Each structure stands twice: as structure tokens, then as C-alpha cells.
Trainee: 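Next up is a structure, given as C-alpha cells.
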Protein chains: 2
Amino acid sequence: MDAIKKTFGEVIRQHREQQNLPLRKVAAQLDIDTSTLAKFEKNLRHPNREHITKLAEMFALDEQDLLVLYLSDRVAYDLVGETNSEQVLRVAEEKIKYIRSKNTVQGVLGF
Amino acid sequence: MDAIKKTFGEVIRQHREQQNLPLRKVAAQLDIDTSTLAKFEKNLRHPNREHITKLAEMFALDEQDLLVLYLSDRVAYDLVGETNSEQVLRVAEEKIKYIRSKNTVQGVLGF
DNA sequence: ATTTTTATTGACAATTTTTGTCCAAAATAT
DNA sequence: ATATTTTGGACAAAAATTGTCAATAAAAAT
């Protein structure tokens, strides 16, 4: 009920500190600069899928949960400045369902 | 109940055709190339806020509704490929509320 | 208290993405 | 048939994003 309110970066940092790992070590595993990881933790740079996967592994987190955390950050950030954000989310949900119901088959979508 | 399932581009085109306006005329008002407008209608290019405002004016649409239509397209497009899109939307909604409750004042957000 | 390690941050070049236009071809209307 | 409209690829320009470096600060260790 509170975890939901943490950002991707906050969660990553929390876990890293819990294990007393310096940026250096985690960054090494991700094959990135410590600076880049520091920015992930401050949400100043965006990790890619591979980064997310590796971070989930390292901290024994459910990858899907971590992905949801990350994606919801982005959506929230995009919409927090919009007055109608709730409506946007509701309409978006309907649209996603609708699009999926049409493209029952593969992944590529005309949209 | 069905309008929700239309994209921004589809709606714009619908209204333009209803009024028998060629791309040329609408594009002129927006001060863009006909080709650009054609792409807006096919969701191959993104209009900016000013474009949306002008389009709402031209077709006597509620600007906020049109904006919701446009933003929800983007969110839907971003998430339609994700298995956990519904969860993402729910978490995003909570986050938006949370962020707003913290930044009760102005617009700039640390995030 | 000094040294060593870690974290922070801005600046930067490189890459990627997005943008709008031009142009030629296709479609439609007159 | 001619004129008008629409389409879509290619393109350069602009904008956004990326990851690193390097200098600095902060923290921890000795």
C-alpha cells in the first residue's frame, strides 16, 4: 500500500543499500557507469529492458513487478501535469482492450 | 460508447470529411503541410497542443475532450504491447495522486 | 585527521527519435 | 481528360535521450 508510491529508482536504491552494495558493483553487473546507475536511481535516466531484467535478478525481485513499477512511473510522469489524467487513463484502458480484441493475432499493430 | 474506440486521427478526419473540407484548407489554418495533416489523421505524426486547440476550434469540439482523446491514444499505444498494462494504469493513477498530494503547490515536479 | 572509497552533478558528444516538408504517384472528383 | 485531393517514401533539421567523463562533495575507513 506504500510500495506503490515509490518510484523505480527509489526501489532500486533501497534494495542496493539493503545489501550494502556500492553503485560500483551493481553498475558493473549492468555494464554501465556508476554515474548512469546513480541517475537510474534518481530517475534522471531510463533503464532499458535488459537493465530491468538484470536488476530484478540481482535483487531477487519479480521482473514483471519491477517492469510495472518502471512503466507506471513513466505514465504518471507524462500525465501528472494534465488536468484530465484520470479520464485519459480510463479511455486508454478501453482503447487497449479494443485494439487487442481486433489484433487477436500477432504483435505488430497498425494503430 | 463507440467514440472512445476511435483514435485522435480518425476523429479529426471524420469531422473534416463531414464538413467536406480538403486537407488543404484545414492544413492552411494549422499552418502546416497537407502531408503533415494527413499524417496526423493516420496517427503517423503527433500534433502539438496548438494544433489540438485549433482543431478543436475548427470542428467545434471540446478542447479537453480532444486532448484526452489524443493523450489516451499515446498511453494506449505505449502500453498495448505490455502484458501488465492494466496494472500499470492502476499504479500510475495512484502515483499521480500521490505526486499531486505532495506538490500541492506549483507545476514543476521533482519526481 | 588523512586517506580511500563512494556518491553526485553538470557538461558533453553520440545516438536515436521525432518533426515537418517536398515530391511524385495514386486516387478521386469534375 | 483535367483538375483536385490524398498518399507515402525520403529527407534534412530539430529535439530528445543516452551513457560517459571529470571534477566535486560526501561518507567511510583506517
Side-chain angles (χ1 to χ4, degrees), chain A residues 6-55 58-59 67 70-82 108-111, chain B residues 6-55 58-59 67 70-82 108-111:
Chain A
K6 292 221 178 72
T7 65
F8 174 86
E10 284 165 354
V11 168
I12 291 303
R13 169 152 299 190
Q14 190 179 39
H15 279 84
R16 180 176 63 80
E17 289 180 342
Q18 246 168 29
Q19 297 190 221
N20 272 322
L21 295 170
L23 288 169
R24 177 175 54 78
K25 289 207 173 182
V26 176
Q29 298 250 3
L30 299 187
D31 195 30
I32 57 177
D33 195 85
T34 60
S35 175
T36 303
L37 180 57
K39 279 162 187 162
F40 286 174
E41 290 185 348
K42 290 183 184 298
N43 305 297
L44 297 171
R45 287 291 186 281
H46 296 296
N48 60 33
R49 297 305 164 109
E50 199 184 333
H51 293 147
I52 293 174
T53 301
K54 285 188 181 168
L55 286 166
M58 289 188 74
F59 301 129
L67 184 59
Y70 170 69
L71 292 173
S72 61
D73 273 9
R74 302 210 63 166
V75 173
Y77 177 81
D78 282 349
L79 296 185
V80 73
E82 304 291 339
V108 184
L109 41 139
F111 209 62
Chain B
K6 291 219 179 75
T7 65
F8 174 86
E10 283 166 355
V11 167
I12 292 303
R13 169 150 299 187
Q14 190 179 38
H15 279 84
R16 181 176 63 79
E17 290 181 339
Q18 244 166 31
Q19 299 190 220
N20 271 322
L21 295 170
L23 289 169
R24 178 175 54 79
K25 289 208 171 180
V26 176
Q29 299 250 4
L30 300 187
D31 196 30
I32 57 176
D33 195 86
T34 59
S35 178
T36 303
L37 179 57
K39 279 160 189 161
F40 287 174
E41 291 185 349
K42 289 179 185 297
N43 305 298
L44 297 172
R45 287 290 186 282
H46 296 298
N48 61 31
R49 297 305 163 107
E50 200 184 331
H51 293 146
I52 292 174
T53 301
K54 285 188 181 169
L55 286 165
M58 289 188 75
F59 300 130
L67 184 58
Y70 169 69
L71 292 173
S72 61
D73 273 8
R74 301 210 65 165
V75 173
Y77 177 80
D78 283 348
L79 297 185
V80 73
E82 304 292 339
V108 182
L109 41 139
F111 211 59

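The structure presented is a predicted model; accordingly, all values stated were derived computationally and were not measured. Values reported hereafter were calculated over all heavy atoms of this structure, with side chains retained and with hydrogens, waters and symmetry mates removed. Throughout, protein chains are lettered first and strands after them, A, B, ... in sequence-line order, and every chain is numbered starting at 1.
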Trainee: Of the options C:dG20, C:dT8, D:dG19, whose atoms approach the side-chain atoms of B:Phe40 most closely?
Mentor: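 Given the options C:dG20, C:dT8, D:dG19, the side chain of B:Phe40 is closest to C:dG20.
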Trainee: Go through C:dT21, C:dA7, D:dT6 for me and flag the one nearest to the A:Leu23 side chain.
Mentor: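 Of the candidates, C:dA7 comes closest.
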Trainee: Expressed in angstrom and rounded to an integer, what is the separation of A:His46 atom NE2 from D:dT18 atom P?
Mentor: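 For the pair A:His46 NE2 and D:dT18 P, the rounded distance is 5 Å.
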Trainee: What nucleotide, of D:dG8, D:dT20, C:dT9, holds the atom closest to the side chain of A:Thr36?
Mentor: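 Per side-chain heavy atoms of A:Thr36, the pick is D:dT20.
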Trainee: Specify the separation, in whole Å, of atom OH of B:Tyr77 and atom P of C:dT18.
Mentor: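 Rounded to the whole Å, the gap is 8 Å.
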Trainee: Closest heavy-atom contact between B:Phe8 and B:Leu55?
Mentor: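 Heavy atoms only, the tightest pair is CZ-CD1, 3.9 Å.
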Trainee: To the nearest Å, give me how far apart CG (A:Asp78) and P (D:dA16) are.
Mentor: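 A:Asp78 atom CG is separated from D:dA16 atom P by 13 Å.
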Trainee: Considering non-hydrogen atoms only, spot the tightest contact between B:Arg16 and B:Glu41 and give its length.
Mentor: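 Minimum heavy-atom contact is NE-OE2, 2.7 Å.
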Trainee: Separation of A:Glu50 atom CD from D:dG19 atom C1', in whole Å?
Mentor: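 Checked: the CD to C1' distance equals 14 Å.
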Trainee: Take the protein atom CG of B:Leu44 and the nucleotide atom P of D:dA10, then report the distance between them rounded to whole Å.
Mentor: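 Rounded to whole Å, this separation is 14 Å.
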Trainee: Examine the base of C:dC23 for any acceptor or donor lying under 3.5 Å from a partner atom in the side chain of B:Ser35, and report the outcome as yes or no.
Mentor: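 When only heavy-atom distances are counted, B:Ser35 does not reach the base of C:dC23 through any donor-acceptor pair under 3.5 Å.
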Trainee: Mind grabbing the angle between the end helix axes of the helix from C:dA1-D:dT30 to C:dT30-D:dA1? Five pairs an end, 10° rounding.
Mentor: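 The angle, to the nearest 10 degrees, is 30°.
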Trainee: Taking all non-hydrogen atoms of both residues into account, name the closest pair between A:Arg24 and A:Thr34 and its distance.
Mentor: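 The pair with the smallest heavy-atom distance is CA-CG2, 3.6 Å.
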Trainee: To the nearest Å, how far apart are B:Glu17 CD and C:dT28 C1'?
Mentor: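 About 12 Å, once rounded to whole Å.
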Trainee: Just the rounded figure in Å: distance from C1' of D:dG8 to CG of B:Asn43.
Mentor: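 My rounded result for the distance is 15 Å.
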Trainee: So A:His51 and A:Phe40, would you call those rings parallel, tilted or perpendicular, with 30° and 60° as cut-offs?
Mentor: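 The rings of A:His51 and A:Phe40 sit tilted, inter-plane angle from 30° to 60°.
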Trainee: Is A:Lys39 side chain donor-acceptor paired with the D:dT17 base, going by distance under 3.5 Å alone?
Mentor: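 There is none.
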Trainee: What are the two closest heavy atoms between B:Lys6 and B:Asp73, and how far apart are they?
Mentor: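 For B:Lys6 and B:Asp73, the tightest heavy-atom pair comes out as O-OD1, 4.3 Å.
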Trainee: Considering all heavy atoms of both residues, which atom of B:Arg49 and which atom of A:Glu82 are nearest to each other, and what is their separation?
Mentor: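 So the two residues come closest at NH2-OE2, 2.6 Å.
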Trainee: How about A:Gln18: does its CD atom have over 12 heavy atoms from other parts shown lying under 6.0 Å from it?
Mentor: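 Atom CD in A:Gln18 is crowded, with more than 12 foreign heavy atoms closer than 6.0 Å.
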Trainee: Give the nucleotide from the list D:dT20, D:dT6, C:dC22 with an atom nearest to the side chain of B:Asp33.
Mentor: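 Of the options given, the side chain of B:Asp33 lies nearest C:dC22.
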Trainee: The side chain of A:His51 lies closest to which of these nucleotides: D:dG19, D:dT7, D:dT18?
Mentor: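 When the side chain of A:His51 is considered, D:dG19 is the closest of D:dG19, D:dT7, D:dT18.
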Trainee: Over how many whole Å does the gap from B:Leu30 atom CG to C:dT21 atom P extend?
Mentor: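 Distance, rounded to whole Å: 11 Å.
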Trainee: Any side-chain N or O of A:Arg24 below 4.0 angstrom from OP1/OP2 of C:dT4?
Mentor: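 No, A:Arg24 has no side-chain N/O under 4.0 Å of OP1/OP2 on C:dT4.
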Trainee: Map B:Arg45 and B:Ala38 onto DNA chain D by nearest heavy atom, then report which one ends up closer to the 5' terminus.
Mentor: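 Looking at the nearest nucleotide for each, B:Ala38 comes out on the 5' side.
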Trainee: At under 4.0 Å, does any side-chain N or O of A:Arg13 touch on OP1 or OP2 of C:dT6?
Mentor: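 A:Arg13 to C:dT6 OP1/OP2: no side-chain N or O under 4.0 Å.
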Trainee: Tell me which nucleotide among C:dC22, C:dA7, D:dT6 gets nearest to the side chain of A:Arg16.
Mentor: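 Among the listed nucleotides, the one closest to the side chain of A:Arg16 is C:dA7.
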Trainee: If you count every heavy atom of other residues, nucleotides or ligands that lies below 6.0 Å from B:Asp31 atom CG, does the total exceed 12?
Mentor: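 Counting neighbours around CG of B:Asp31, 12 or fewer heavy atoms of other residues, nucleotides or ligands fall under 6.0 Å, so no.
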